[in-house]
Asks: 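I am attaching a structure below and will ask some questions about it afterwards.
In what follows, chains carry the letters A, B, and so on, assigned in the order in which the sequence lines appear, proteins first and then strands, with residues in each chain numbered from 1.
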Protein chains: 2
Amino acid sequence: MNRMDPVHDKRDAILETALVLFTERGFYGTPTAMISREAGVATGTLFFYFKTKEELIDTLYRQVKSEAGAALKTGVGEEQTVKAKICRVGKNAIAWATANPGRFRFMEQFAHSPFVSTTAHEVGMSHFLFLQELVRDGIREGIIRDYDPALLCSILAASLAGISPRIMATPDPEKRELLGQQGLAFLWNGLAARPETDESCNATGVTAKRKGADDHD
Amino acid sequence: MNRMDPVHDKRDAILETALVLFTERGFYGTPTAMISREAGVATGTLFFYFKTKEELIDTLYRQVKSEAGAALKTGVGEEQTVKAKICRVGKNAIAWATANPGRFRFMEQFAHSPFVSTTAHEVGMSHFLFLQELVRDGIREGIIRDYDPALLCSILAASLAGISPRIMATPDPEKRELLGQQGLAFLWNGLAARPETDESCNATGVTAKRKGADDHD
DNA sequence: GTATAAATTGACTGGTCAGTCAGTATGTTG
DNA sequence: CAACATACTGACTGACCAGTCAATTTATAC
């Protein structure tokens with residue numbers, strides 16, 4: 001009986017419920033009794049699977065980070081150029097956040113929180129190291145500015161985290177598409193050694209139109 | 001006796017202590033008794049100035065956000081062009097975060113936290129609305145890409161928040177300066193309708209060198 | 001079927017903590 | 001001085017909650 005065993009309905013229910021409640025009410029704002037009740041299990045069951053409440057949120061954080069990292073990587077291997085690869089990652093990021101708003105908000109909230117252990121934060125980071133490699137490749141090829149790769153990655157990650165909520169809050173799918181294109185165009189032009197005046201990521205179909213839906217707000 | 005009265009040593013001590021403890025240990029992780037003890041006042045005094053613990057963190061959040069907003073604005077009026085103004089804001093942001101790491105981390109941690117009331121979050125946002133106006137001006141002048149201004153501001157804010165910790169973690173002042181220049185160059189090229197290949201913000205002395213200190217890490 | 005282990009239950013407890021309150025000190029005003 | 005208000009104190013309390021544990025059910029092995 002180990003973690004690989006796929007039949008742990010109650011364990012999964014606890015994790016899923018905790019994700020929602022922690023995001024809505026915070027860590028200490030959510031009693032373990034509430035988690036177990038909502039998950040439909042007894043209080044003891046929670047502590048059977050997770051020694052402490054901290055271990056629960058740590059597991060959750062690791063899981064979500066790992067999922068997100070995997071989501072960002074999908075299809076990157078198929079792309080030929082560094083630019084296309086990075087655009088793919090960007091699109092993946094926005095798509096993942098949009099499809100998993102709960103998980104995205106959980107990460108957002110606990111990314112800088114002291115409830116999650118330092119090691120969990122470090123393990124979480126490790127899933128995004130491939131981005132740094134990608135940036136280094138781009139610099140080597142002369143297609144990305146010769147700036148500090150770690151800095152570029154931080155900006156990239158932070159920007160994607162900044163773009164996503166804006167897109168998630170937009171109901172109209174066309175407007176969403178447009179915002180996504182604009183956001184990615186911004187990022188690519190920030191990175192690019194030879195930035196383009198009017199379009200970006202067009203090889204993969206992401207061409208940021210001037211307008212489209214339109215200025216409001 | 002009101003909030004304008006400058007002599008409230010104990011109130012100030014409570015706020016300052018709470019800022020540090022909340023950042024280090026989280027909201028529910030910090031008992032009010034610990035705050036009052038560390039601040040050198042009685043438990044009752046804390047509840048004399050703040051009806052509840054929530055009111056304390058709300059006040060704190062508003063105060064820090066307002067301080068940060070004011071810091072970003074300094075000297076912007078003196079600058080002539082939109083580009084110079086935006087670069088000024090960027091430099092101000094990095095300088096403020098570096099000079100006030102405690103406050104920066106507090107904002108970072110509680111920006112997405114449910115402990116801070118919705119209205120406090122809204123009031124906090126309002127201090128940064130001038131940035132959006134700046135971006136609109138730039139678009140009108142044709143110097144900034146005609147993208148959604150709110151989106152551009154979100155990216156700008158998120159990126160600055162992403163750059164700052166990296167710079168704060170760099171001990172060597174020269175390297176710091178370089179990273180700051182690179183970060184601002186990234187942002188400007190993301191925004192600019194006519195991006196520059198090799199430099200940015202040079203009017204105000206922020207020219208991002210190719211290398212300088214160097215790749216390590 | 002019997003034995004052994006894993007999974008699950010929920011009443012219970014020991015400790016913690018936000019907030020109270022009755023009282024004291026420190027002005028301020030007439 | 002008396003009367004009144006503000007500032008401040010710290011022991012106390014009622015509620016709440018993480019984690020325990022003895023007992024029960026379910027699954028697996030022989």
Side-chain angles (χ1 to χ4, degrees), chain A residues 1-61 63 110 113-117 120, chain B residues 1-61 63 106 109-110 113-117 120:
Chain A
M1 187 63 54
N2 59 32
R3 212 59 321 110
M4 298 302 103
D5 197 331
V7 201
H8 278 303
D9 295 357
K10 310 225 165 181
R11 186 175 184 274
D12 291 346
I14 291 166
L15 283 169
E16 212 57 41
T17 309
L19 177 82
V20 174
L21 292 178
F22 282 154
T23 309
E24 278 172 5
R25 323 174 33 105
F27 180 68
Y28 284 110
T30 311
T32 53
M34 182 184 282
I35 298 171
S36 46
R37 178 163 26 87
E38 293 283 307
V41 305
T43 52
T45 308
L46 192 154
F47 291 99
F48 173 73
Y49 285 112
F50 309 96
K51 266 198 292 296
T52 65
K53 201 181 174 186
E54 275 76 17
E55 189 178 308
L56 171 58
I57 199 172
D58 248 56
T59 308
L60 211 40
Y61 188 82
Q63 198 183 72
F110 292 101
S113 121
F115 312 135
V116 174
S117 73
Chain B
M1 186 64 53
N2 57 34
R3 211 61 321 109
M4 297 302 102
D5 197 330
V7 201
H8 278 303
D9 294 357
K10 309 223 166 177
R11 187 176 183 274
D12 291 346
I14 291 167
L15 283 169
E16 211 57 40
T17 309
L19 177 81
V20 174
L21 292 178
F22 282 154
T23 309
E24 278 172 3
R25 323 174 33 105
F27 180 68
Y28 285 109
T30 312
T32 53
M34 182 184 283
I35 298 171
S36 46
R37 179 164 24 87
E38 294 282 308
V41 306
T43 52
T45 307
L46 192 154
F47 291 99
F48 174 72
Y49 285 112
F50 309 97
K51 267 198 290 298
T52 65
K53 200 182 175 186
E54 276 76 16
E55 190 179 308
L56 171 59
I57 199 172
D58 247 57
T59 308
L60 211 41
Y61 188 81
Q63 198 183 72
F106 175 84
Q109 184 177 153
F110 291 101
S113 119
F115 312 135
V116 174
S117 73

Asks: If you only use heavy atoms from C-beta on, which nucleotide in C:dT9, D:dG19, C:dG19 is closest to the side chain of A:Thr45?
Replies: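 Nearest to the side chain of A:Thr45 among the choices is C:dT9.
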Asks: Would you mind reading off the distance between A:Arg37 atom CZ and C:dT9 atom C1', rounded to a whole angstrom?
Replies: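 These atoms are roughly 16 Å apart.
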Asks: Please report the distance, rounded to the nearest Å, between CZ in B:Phe48 and P in D:dT9.
Replies: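 To the nearest whole Å, that distance equals 11 Å.
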Asks: Check the distance between D:dG10's P and B:Phe47's CZ and give it to me in whole angstrom.
Replies: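 Result: 15 Å.
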Asks: Which part of the nucleic acid, if any, lies within contact of B:Thr30, taking any heavy atom under 4.0 Å across all strands shown: a base, the sugar-phosphate backbone alone, or nothing?
Replies: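 Since only primed, P, OP1 and OP2 atoms lie under 4.0 Å of B:Thr30, the category is sugar-phosphate.
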Asks: With respect to the phosphate group of C:dC17, does any side-chain polar atom (N or O) of B:Thr32 fall under 4.0 Å of OP1 or OP2?
Replies: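 For B:Thr32, the contact criterion (side-chain N or O under 4.0 Å from OP1 or OP2 of C:dC17) is not met.
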Asks: Within this structure, what is the NZ-to-P distance between A:Lys53 and D:dC17, rounded to whole angstrom?
Replies: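 A:Lys53 atom NZ is separated from D:dC17 atom P by 8 Å.
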Asks: Looking only at the side chain of B:Tyr49 (C-beta and beyond, no hydrogens), which of the listed nucleotides C:dA7, D:dC8, C:dT9 gets closest?
Replies: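 Of all the options, the side chain of B:Tyr49 is nearest to D:dC8.
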Asks: To the nearest 0.5 Å, tell me how far A:Thr17 OG1 sits from A:Asp12 CG.
Replies: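 These two atoms lie 10.0 Å from each other.
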Asks: Using whole Å, what does the distance between atom P of nucleotide D:dC17 and atom OH of B:Tyr28 come to?
Replies: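 Spelled out: OH on B:Tyr28 to P on D:dC17 is 9 Å.
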Asks: Check for a donor-acceptor pair, side chain of A:Ser36 on one end and backbone N or O of A:Thr32 on the other, with a separation under 3.5 Å.
Replies: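 The answer is yes, because a donor-acceptor pair under 3.5 Å joins these two groups.
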Asks: At less than 3.5 Å, do the side-chain atoms of B:Thr43 and the base atoms of D:dA11 form a donor-acceptor pair?
Replies: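 Looking at the base of D:dA11, it does pair with a donor or acceptor on the side chain of B:Thr43 (distance under 3.5 Å).
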Asks: Which nucleotide wins on minimum distance to the side chain of A:Thr52, given the candidates D:dA7, D:dG19, C:dA7?
Replies: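 The answer is D:dG19, which lies nearest to the side chain.
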Asks: Looking at A:Thr59 and A:Glu55, what are the two nearest heavy atoms and their distance?
Replies: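 The pair with the smallest heavy-atom distance is OG1-O, 2.6 Å.
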Asks: Write down the distance between CG (A:Leu21) and C1' (D:dC17), rounded to a whole number of angstrom.
Replies: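 Those two atoms, CG and C1', are 15 Å apart.
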Asks: Over how many whole Å does the gap from B:Leu46 atom CG to D:dG10 atom P extend?
Replies: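 So the two atoms are 14 Å apart, to the nearest Å.
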Asks: Within the side chain of B:Lys10, is there an N or O that forms a donor-acceptor pair under 3.5 Å with the backbone of B:Tyr49?
Replies: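 Between the backbone of B:Tyr49 and the side chain of B:Lys10 there is no qualifying donor-acceptor contact (under 3.5 Å).
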Asks: Under 4.0 angstrom, heavy atoms only, what part of the nucleic acid is B:Lys10 near: base, sugar-phosphate, or nothing?
Replies: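 B:Lys10: backbone/sugar contact only, no base atoms under 4.0 Å.
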Asks: On DNA chain D, check which nucleotide each of A:Gly44 and A:Gly29 is closest to and give me the residue with the more 5' one.
Replies: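 Closer to the 5' end of DNA chain D: A:Gly29.
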Asks: I'd like to know whether B:Phe115 forms a ring pair (Phe, Tyr, Trp, His ring centres under 6.0 Å) with B:Tyr28, so could you lay out the CA-CA distance, the side-chain angles of the two residues, the decisive distance to 0.1 Å, and finally the verdict.
Replies: CA-CA 9 Å; B:Phe115 312 135; B:Tyr28 285 109; 5.2 Å; yes
Asks: Please report, rounded to the nearest Å, how far the C1' atom of C:dA7 is from the CD1 atom of A:Ile14.
Replies: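 Rounding to the nearest Å, CD1 of A:Ile14 and C1' of C:dA7 are 11 Å apart.
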